[in-house]
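A short write-up of the structure that comes next.
Basis for what follows: all heavy atoms, side chains included, without hydrogens, waters or symmetry-related copies. Remember, predicted model here, so these are calculated numbers, not experimental data. Residues take their numbers from the sequence shown, with the count starting at 1.
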Amino acid sequence: MLRGVFTTRPELVGTLGMVGSTHWVASGVGMAVLEDGGNAFDAAVAAGFVLQVVEPHLNGPGGEVPAVFVTAGDSTPRVLCGQGVAPAGATVGHYRGLGLELVPGSGLLSATVPGAWDGWLTLLRDHGTKRLRDVLKYAIGYARDGFPLLDRVPAVVDTVRELFTEHWPTSGALWFGAKGSRFANPGLANTWERLLGEANGATREAEIDAARRAWSQGFVAEAVDSFCRKAFRDDSGRDHAGVLTGQDMADWEASYEPATTADFGPWALAKCGAWTQGPVLLQQLRLLENAELSYVDGIPTADTVHRALEATKLAFADREAWYGDTEVPIDTLTSREYAAERAKLIGDTASFELRPGSPDGRTPRLPHYPAAPTATSGAIGEPTVRPDGSTKGDTVHIDVVDRWGNMISATPSGGWLQSSPTIPDLGFCLGSRAQMFWLEDGLPNTLAPGKRPRITLTPSLALHEGSPRLAFGTPGGDGQDQWQLCFWLAHTVGGLNLQAAIDAPAWHSNAVPSSFYPRDFVPGEAHVESRLGQATLDELRARGHNLVDVGPWTLGRLSAVSREPDGLLRAAANPRGMQGYAVGR
């Protein structure tokens, strides 16, 4: 790795365990579990529940969790699918009958089956070692006794104050008190403690399964069913009841599946399947595989950034045309032959077109992107709110590796406090992931009952010469696999260590259609960190990119952990936003 490059923090090195996440409290909790003899999966579950408490504007109990992992005994990457499906009543006809062109980005119509609880518990049952109460006690403690509140939380609440006052009073009752240095959510603590109270069984595994049933077939499902029969305002500007039922929750459970992988020299990169946007990172790297990319003193050249932006546009155009919870020609899309033909489209100047390819000779079809709606409610389809009122995707992330070689990368999301009204009996709200479906027939990502939305959540795990080496990821909606591309290139091409690669200046294309309501994009636009250097920015503009300089430290919230063949562990986390941290020893 390249030495002598300034980093905001040291790359951590140790032998017992490493945790990196988007919040220091979650990282500390994960490390506490490792110190107590738990493995990486115990630590990830404990930290994942804490993230639901300390970053409530970015994820919650009503959300979802995809993860990619390896175990100490099996180096084959596997995917945990904690993404719930569309309810039985979620049909195109129902939504069109309500006069909708898009699934709203907030409110009850946008809810899929909440998957985080069952996802985390399934992982704990099958690969952890701790009892449920021993990993959940940290989150319960913070919800019951209070936790240090991020400044961002009351800022988000203030943004939607009118909505909470006039239309979502149960949310106002909980979140209008979110001020000061300590905030508690006793209603959520009560829900978790009641679930633990019903977690009866002769074994650790039986206890966990009982808690899963108490959620999906017991009092949680009953409360969700009752609440969804009421109508609330969403960002269509009208009131709608939900379609999610307790039966939908009872009929679904988390699952495992093989990871989608591609090799790049000594590396093999593993992602979730094309029901996520994950394979676009593989496609971007395939398109860049034969390009001459270079870094000077840890900074990418203008040609490197240009080619990366153009590869992103091509890969994400394929995402729009081909990805979804259906049969996707993923082997062709990630093949060298397909990439070689597509790479011929990368020229010396910026493209302003959305150009999907034709894998196996198939004819691509893009969705119809409607004009942005004029009616708004103040509800927020995406979790992060900008000062001008616009929003951009964000969520949370966690990576863990232990001394035995277990490794996991997880990107929990959904159920953020401004996604839908708080269910008062439970202390949390439902998610809004169904907004990623289309209401246009015949697309891979068309809404249908029992189908997973094509989500942006996209954790990563990499092997080096066949051995699990690296787990990494970031929040950021459509930016996730773009900022992960920046990290990957800085690490594998630029030769930077984990912390320096995270610190390296980042960029992303805004010419990528948004996965969030109202699905807008800006052809030719790219957001860049000014630390790329004025000469590089000038050259990119000369090549036709419409650049938005977003400042020196703005893009991405990456974390990463790694394990060397000799058992040495490493970790790093993003300094941007001043809340993500890695811990370990």
Side-chain angles (χ1 to χ4, degrees), residues 15-20 30 33-34 37-48 65-83 115 118-131 135 203-205 208-209 212 253-276 278-279 281-282 330-331 334 397-412 457-473 559-571 584:
T15 56
L16 186 138
M18 294 285 166
V19 184
V33 173
L34 294 178
N39 67 15
F41 306 112
D42 299 316
V45 174
V65 56
V68 59
F69 67 93
V70 293
T71 67
D74 186 355
S75 62
T76 303
R78 298 280 293 172
V79 166
L80 169 73
C81 175
Q83 170 60 60
D118 202 70
W120 284 128
L121 266 62
T122 298
L123 182 74
L124 181 68
R125 180 197 64 189
D126 297 338
H127 298 291
T129 66
K130 297 285 189 180
R131 296 179 65 191
V135 297
T203 65
R204 186 186 73 91
E205 292 79 6
I208 293 171
D209 281 338
R212 294 171 62 217
E253 61 182 26
S255 60
Y256 300 107
E257 61 188 58
T260 299
T261 61
D263 64 293
F264 304 95
W267 290 95
L269 184 56
K271 302 289 289 185
C272 300
W275 54 273
T276 76
L281 182 55
L282 308 180
I330 199 64
D331 289 342
T334 58
H397 184 79
I398 183 168
D399 302 296
V400 188
V401 62
D402 64 30
R403 61 189 183 273
W404 300 289
N406 300 297
M407 183 183 294
I408 182 169
S409 177
T411 310
L457 310 173
T458 174
S460 296
L461 191 145
L463 288 73
H464 189 267
E465 296 182 343
S467 297
R469 175 66 60 85
L470 176 63
F472 62 99
S559 62
V561 300
S562 72
R563 186 176 192 271
E564 305 293 333
D566 61 1
L568 206 62
L569 310 177
R570 300 178 185 271

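- Looking at His464, its side chain never comes within 3.5 Å of a backbone N or O of Arg469 through a donor-acceptor pair.
- Here Thr276 contributes atom OG1 and Leu457 contributes atom CG; the two are 8.0 Å apart, rounded to the nearest 0.5 Å.
- Closest non-hydrogen pair, Gly584 versus Met18, comes out as CA-SD, 3.6 Å.
- Scanning both residues, Ala43 and Val400, for their nearest heavy atoms gives CB-CG1, 4.0 Å.
- In this structure, CZ in Arg403 is found 9.5 Å from CG in Asn39, a value given to the nearest 0.5 Å.
- To the nearest 0.5 Å, atoms OG (Ser409) and CD1 (Ile398) are separated by 9.5 Å.
- A 4.5 Å side-chain heavy-atom check between Ser467 and Ser75 finds every atom pair outside the cut-off.
- In terms of the ring pair (Phe, Tyr, Trp, His ring centres under 6.0 Å) criterion, residue partners of His127 (sequence neighbours excluded) are, by chain and number, Phe41, Phe69, Tyr256.
- A donor-acceptor pair under 3.5 Å is formed between the side chain of Asp42 and the backbone N or O of Lys130.
- Counting heavy atoms from C-beta outward, Leu124 and Val135 have side chains that approach closer than 4.5 Å.
- Nearest heavy atoms, Pro258 versus Val79: O-CG2, 4.2 Å.
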TODO: Under the side-chain contact (heavy atoms from CB on, under 4.5 Å) rule, what do Thr122 and Arg212 come out as? Steps first, then yes or no, please.
DONE: CA-CA 8 Å; Thr122 298; Arg212 294 171 62 217; 3.6 Å; yes
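- Across all their heavy atoms, Gly38 and Trp404 have their closest contact at O-CZ3, 3.6 Å.
- Put simply, the side chain of Asp118 never gets that close to the backbone of Glu253: no donor and acceptor are under 3.5 Å apart.
- Nearest heavy-atom pair, Leu470 versus Ala560, reported as atom, atom and distance to 0.1 Å: CD1-CB, 4.3 Å.
- Taking the side chain as every heavy atom from C-beta outward, Lys271 and Val68 never approach each other to under 4.5 Å.
- Between Leu568 and Arg570 there is a side-chain heavy-atom pair separated by less than 4.5 Å.
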Open item on the list: One pair to check against side-chain contact (heavy atoms from CB on, under 4.5 Å): Leu281 and Leu269. What are the steps and the verdict?
Closed with: CA-CA 9 Å; Leu281 182 55; Leu269 184 56; 3.6 Å; yes
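- Residue Pro279 comes nearest to Thr260 through the heavy atom pair CG-CG2, 4.4 Å, listed as atom of the first residue, atom of the second, then distance.
- A donor-acceptor pair under 3.5 Å is absent between the side-chain atoms of Asp263 and the main chain of Ala268, judged by distance alone.
- When the options Val19, Leu34, Ile408 are evaluated for a side-chain contact (heavy atoms from CB on, under 4.5 Å) with Asp402, the one that passes is Leu34.
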Task: Derivation of the side-chain contact (heavy atoms from CB on, under 4.5 Å) call for Leu569 and Arg563 - done: CA-CA 5 Å; Leu569 310 177; Arg563 186 176 192 271; 3.4 Å; yes
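- Here the side chain of Arg204 pairs a donor or acceptor atom with the backbone of Arg125 at under 3.5 angstrom.
- Between Leu282 and Phe264, the closest side-chain pair of non-hydrogen atoms falls below 4.5 Å.
- In this structure a side-chain-to-backbone donor-acceptor pair under 3.5 Å is present from His397 to Ala410.
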